[in-house]
Amino acid sequence: MAAVTERSKIGNILWPVVAWIVALIFFFPIFWLVFTSFKTDADAVKPEHLFFFTPTLENYTNMTENYDYWRFAINSVITSSFATLFALAVGVPCAYAMAFNPSRHTKDILMWMLSTKMLPAAAVLYPMTFITKNFLGIFDTHFLVILVLCLINLPIAIWMLFTYFKEIPKEIIEASKMDGVTTWGEIKDILIPLAWGGVASTALLTFIFCWNEAYWTVRLTTIDAATLSKLIEGNRAPEGLFFGRLSAVSTAAVMPIVILGWFCQKQLVQGLTFGAVK
Amino acid sequence: MSDRSIPRLLQTPAVILLLVWMIVPLSMTLYFSFIRYVLNSLRKPEWTTPSISNWRGFGNYEYVLNAKDFWFAIQNSVFIVSSILILTVLLGLCIAVLVNRSFPGRGIVRVLLISPFFVMPAVNAVLWINMILDPVLGLQGIAVNGLNDLIDGLRDFPVLGSFFSLWPEFEPISFRATQTSAYAVIMMVTWQWTPFAVLIFMTSLQSEDESQKEAATLDGAGPWSQFINLTVPHLARPIAIVVMIQSIFHLSLYAEIEIVSRGNGNKNLPYLIGEFSSNNIGAASATGIFAVILANIIAIFLLRMVGKSLMD
């Protein structure tokens with residue numbers, strides 16, 4: 001017995017320390033990105049200035065003055081928000097119907113939706129560019145970016161919502177039907193309040209995926225609807241020599257979403273299970 | 001309206017949107033894959049517009065199957081995706097078990113651990129390949145140089161010096177070569193997606209039945225046998241979900257490959273399609289169809305794994 005307590009005592013100190021070390025290793029690249037963004041381009045590649053240097057905001061002022069950071073950032077906010085909103089507007093009713101009135105085909109439909117997510121984007125890039133440029137004339141518009149972001153995230157959003165809605169007892173919905181509540185009323189007044197945590201974390205995850213999307217947003221835009229991923233794409237070209245500048249642009253593109261993630265971490269942890277937890 | 005039509009009506013917008021999103025580009029890709037279609041051709045200007053008169057039958061498919069890049073790209077795609085899956089699941093399990101106990105600062109540890117998941121893939125790639133892994137300017141180069149200097153210094157010591165003088169000079173690894181850049185991609189994606197696995201496993205561990213564990217302890221089961229016999233079966237479903245979601249995302253991995261290995265031969269299928277489509281749309285489309293087939297094979301396999309338990 002004594003040996004056991006002795007061992008668990010060591011464990012009580014050892015494992016938290018290991019956990020802290022692992023967490024710091026995982027966080028280090030992000031820290032390093034932010035850290036380097038306060039160095040000048042020259043300092044950033046000098047080993048003698050690895051940890052000690054005179055911090056400067058030069059990279060950030062340069063970024064806002066010469067690269068029009070805010071336009072890209074505003075585009076990112078607009079497209080990600082609306083895409084999330086539309087994905088929920090289409091996804092909530094669909095997931096509601098699937099969870100409370102499943103038919104023989106519900107599972108197949110759900111699986112098919114997920115399988116559309118596996119289509120290699122590169123395979124349909126050319127037709128997409130062709131159609132949007134030549135037939136629809138919506139290339140490089142906010143509308144197109146919002147539509148595409150909404151569509152590529154819709155399957156995941158529906159799946160997440162479905163797994164939450166399934167947890168709600170059917171009796172609650174059926175009782176409200178007896179009382180003559182309309183379908184819209186059921187969704188608005190009963191379903192969404194009950195599954196609020198799930199809806200919020202679906203919205204959050206969709207928003208994060210939209211913000212970080214870098215295939216379509218880069219290839220279906222030029223200037224007007226270009227998002228932050230396009231800004232990164234444009235700035236990574238001169239490799240190596242401009243670490244300071246690169247870090248500042250990257251930090252400015254990444255930090256809004258990382259901070260949002262920090263604040264909503266609890267919500268996200270609770271919600272991000274995809275039905276994995278019973 | 002009847003009882004069944006309302007639910008059907010509610011599903012319609014989502015189904016129609018996804019159907020159009022899938023079918024329109026896919027049928028165009030299918031069409032292009034059977035015709036000769038290039039963006040620039042001085043010799044055959046008629047090939048630059050898509051037309052049924054340029055019918056090539058299975059010619060594009062034959063061309064792609066005979067390109068040695070194609071088989072390499074498939075092999076490389078599978079190698080990269082499966083390495084990432086194995087690494088994230090193993091690391092995720094270890095870290096989730098590690099964090100699944102209370103200790104000072106657990107909240108902060110969790111926040112730090114989750115952060116990589118929020119980073120934009122393009123930034124992830126730029127950050128790792130330039131600032132961390134670069135053999136000269138990155139942290140890797142600086143660390144290797146520092147280590148060499150340190151060993152150089154130790155050589156002057158009286159007794160230890162003869163020991164250190166036997167040590168070879170360390171060489172930084174360039175992650176821009178074909179094989180090493182695949183490792184770089186695996187490294188950066190694993191860094192980004194391990195937090196996702198940790199999140200899901202952690203939530204699942206918290207829902208584990210503690211009374212079962214207590215009973216096992218009373219029966220004299222050690223922590224290891226508890227982990228194998230109780231925790232691992234409990235985690236089967238979350239592992240399936242993690243594998244599935246990640247496969248969905250990593251089969252179409254593009255930004256990382258493009259940034260890390262521009263033109264050095266480290267390709268996956270999506271990247272090969274991108275390369276073809278700079279001129280030869282026919283071949284790109286045929287490759288695209290192959291990619292769709294591959295994705296479907298994997299999808300059937302994965303969906304069966306997860307789908308069974310989805311409806312209970």
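What's counted below: heavy atoms across the whole structure, side chains too, no hydrogens, waters or symmetry copies. Order of the sequence lines sets the chain letters (A, B, ...), proteins ahead of strands, with each chain counted from 1.
Interface remark: B:Ile281 contributes side-chain atoms only to the contact with chain A (heavy atom separation under 4.5 Å). Only the side chain of A:Thr36 comes within less than 4.5 Å of a heavy atom of chain B; its backbone N, CA, C and O stay farther away. For B:Ile245, the part sitting under 4.5 Å from any heavy atom of chain A is the side chain, from C-beta outward, and nothing else. Heavy atoms closer than 4.5 Å to chain A are found in both the backbone and the side chain of B:Thr29. With a threshold of 4.5 angstrom between heavy atoms, B:Arg106 does not approach chain A through any atom at all. With a 4.5 angstrom heavy-atom cutoff, A:Ile259 does not touch chain B via any of its atoms. Contact of B:Phe32 with chain A is made through the side chain alone, with heavy-atom distances under 4.5 Å. Looking at B:Leu39, the atoms closer than 4.5 Å to chain A (heavy atoms on both sides) all sit in the side chain, from C-beta outward. For B:Ile142, the part lying near chain A is the side chain, with the backbone staying farther off; criterion is any non-hydrogen pair under 4.5 Å. Residue A:Phe209 touches chain B through its side chain alone, counting heavy-atom pairs closer than 4.5 Å. At a 4.5 Å heavy-atom cutoff, the contact between B:Ala291 and chain A is made by backbone and side-chain atoms alike. Only the side chain of B:Leu139 comes within less than 4.5 Å of a heavy atom in chain A; its backbone stays farther off. With a threshold of 4.5 angstrom between heavy atoms, B:Val15 approaches chain A through its backbone and through its side chain. Contacts of B:Leu18 with chain A are made by both backbone and side-chain atoms, with heavy-atom separations under 4.5 Å. Looking at A:Leu260, neither its backbone nor its side chain comes within 4.5 Å of chain B, counting heavy atoms on both sides. The part of A:Ile109 that comes within reach of chain B is its side chain, from C-beta onward, which places non-hydrogen atoms under 4.5 angstrom from that chain. Only the side chain of B:Phe249 comes within contact range of chain A, judged by heavy atoms closer than 4.5 Å. Looking at A:Leu154, the atoms closer than 4.5 Å to chain B (heavy atoms on both sides) all sit in the side chain, from C-beta outward. Proximity to chain B (any heavy atom under 4.5 Å) is shown, for A:Leu151, by both the backbone and the side chain. Contact annotation for A:Phe28: only side-chain heavy atoms (C-beta onward) come within less than 4.5 Å of a heavy atom of chain B.
Listed here is the closest heavy atom pair of B:Ser77 and B:Asn268: OG-CB, 3.3 Å.
Taking the six-membered ring for Trp and thresholds of 30 and 60 degrees, B:Phe196 and B:Trp193 have ring planes more than 60 degrees apart, a perpendicular arrangement. Using the six-membered ring where Trp is involved, A:Phe130 and A:Phe135 have ring planes that are perpendicular, over 60° apart on the 30 and 60° scheme.
Using a cutoff of 4.0 Å between basic side-chain nitrogens and carboxylate oxygens, A:Lys230 and A:Glu213 are not scored as salt-bridged.
For the options A:Pro29, A:Pro16, A:Ala95, A:Ala97, heavy-atom pairs under 4.5 Å to chain B are most numerous at A:Pro29. Per-residue heavy-atom pair counts under 4.5 Å with chain A were compared for B:Pro270, B:Pro13, B:Gly288, B:Ser115, and the maximum is reached by B:Ser115. Annotation: maximal heavy-atom pairing with chain B below 4.5 Å, among A:Phe31, A:Tyr96, A:Trp20, occurs at A:Trp20.
Looking at B:Ile241 and A:Trp159, their side chains come closer than 4.5 Å, going by heavy atoms from C-beta outward.
Aromatic rings of A:Trp211 and B:Phe118 (six-membered ring for Trp) have centroids beyond the 6.0 Å cut-off, not under it.
In terms of modelled atom types and a separation under 3.5 Å, the side chain of B:His234 and the main chain of B:Ser204 share a donor-acceptor contact.
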